[in-house]
Amino acid sequence: MALLFSAVTLTAEDRRTEFLAAGFPKNERDLAGWTAYESFMSETPPEHDIGVHVIAYTYGGGEVFKATPEEVAYFKMRADRDESFLAGHCESAGSADFTIQAPPNEVLGVYLEM
């Protein structure tokens, strides 16, 4: 059994955060609920676009299953202890980039009525 998880980097203006998440996030719905994502979003002004870079990994072999939050926590612990954990013990499963755009009604800090 192979477990699928991802290293996620969020960037907005001069702010940046990195964290691990389950599966292979391809949009903001896939990131919702992860503490690092929610914290970053709450601290980012709503008029800023958020750049998202995702590198997906599998750990183990065989049929691929989405890692659970507990398994992701274990991978984070391993990565914190061994900086070569992702490159040395996991297989790359692809990457993706996308942007979480500022809501159009909050552009430049001005609320536009629809």
Side-chain angles (χ1 to χ4, degrees):
M1 173 174 77
L3 298 172
L4 178 65
F5 68 101
S6 295
V8 178
T9 303
L10 303 177
T11 308
E13 293 291 308
D14 61 345
R15 300 182 60 246
R16 173 185 172 118
T17 193
E18 297 176 346
F19 61 97
L20 299 181
F24 191 163
K26 294 188 177 155
N27 57 53
E28 80 180 282
R29 284 186 314 276
D30 295 338
L31 297 171
W34 290 96
T35 303
Y37 168 78
E38 298 294 344
S39 177
F40 189 84
M41 295 303 285
S42 71
E43 295 169 4
T44 302
E47 65 272 9
H48 291 187
D49 289 349
I50 312 293
V52 183
H53 178 67
V54 179
I55 302 173
Y57 295 94
T58 57
Y59 180 80
E63 188 174 356
V64 177
F65 294 92
K66 183 177 175 180
T68 66
E70 295 80 11
E71 291 162 336
V72 171
Y74 172 73
F75 296 141
K76 171 145 179 31
M77 182 186 70
R78 294 273 313 264
D80 287 347
R81 279 197 239 157
D82 176 5
E83 64 184 42
S84 67
F85 172 71
L86 295 177
H89 299 281
C90 302
E91 293 292 321
S92 177
S95 64
D97 292 291
F98 60 93
T99 301
I100 299 170
Q101 296 186 334
N105 63 339
E106 294 178 3
V107 173
L108 302 176
V110 176
Y111 181 79
L112 303 174
E113 300 220 12
M114 302 279 179

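This one's a predicted model, so the numbers in the text were calculated from it and none came from an experiment.
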Nearest 0.5 angstrom please: [X] [atom1] to [Y] [atom2], how far?
X      : Y     : atom1 : atom2 : answer
Met77  : Phe85 : CE    : CZ    : 9.0 Å
Gln101 : Thr99 : CD    : OG1   : 6.5 Å
Ile100 : Leu10 : CD1   : CG    : 6.5 Å
Leu20  : Glu71 : CG    : CD    : 13.0 Å
Met1   : Glu63 : CE    : CD    : 9.5 Å
Leu3   : Lys66 : CG    : NZ    : 12.5 Å

Ignoring hydrogens, what is the shortest heavy-atom contact between [X] and [Y]? Give both atom names and the distance.
X     : Y     : result
Ala67 : Phe5  : CB-CB, 4.2 Å
Ala93 : Thr58 : CB-CG2, 4.2 Å
Gly60 : Ala2  : O-CB, 3.6 Å
Glu28 : Phe98 : N-CE1, 3.9 Å
Tyr57 : Ala7  : CE1-CB, 4.1 Å

Exercise. Does a salt bridge link Asp82 with Arg78, judged by any charged N lying under 4.0 Å from a carboxylate O?
Worked result: no
Pairwise side-chain contact, [X] with [Y], heavy-atom cut-off 4.5 Å (strictly under):
X     : Y     : answer
Phe19 : Val72 : no
Lys76 : Asp80 : yes
Thr9  : Val54 : no
Ile50 : Thr44 : yes
Ser6  : Ile55 : no

Problem set entry | Donor-acceptor contact present, side-chain Ser39 to main-chain Ala36, <3.5 Å | no
Exercise. With ring centroids as reference points, do Tyr59 and Phe75 lie under 6.0 angstrom apart?
Worked result: yes
Problem set entry | Cation-pi, Phe24 ring and Lys26 (6.0 angstrom, 45 degrees) | yes
For this session: Would you please name every residue forming a salt bridge (charged side-chain N to carboxylate O under 4.0 Å, His left out) with Glu18, sequence neighbours left out?
Result: Arg16
For this session: Compute whether any side-chain donor of one residue and acceptor of the other, for Thr35 and Glu38, lie under 3.5 angstrom apart.
Result: no
For this session: Assess whether atom CD of Glu83 is packed by more than 12 heavy atoms of other residues, nucleotides or ligands within 6.0 Å.
Result: no
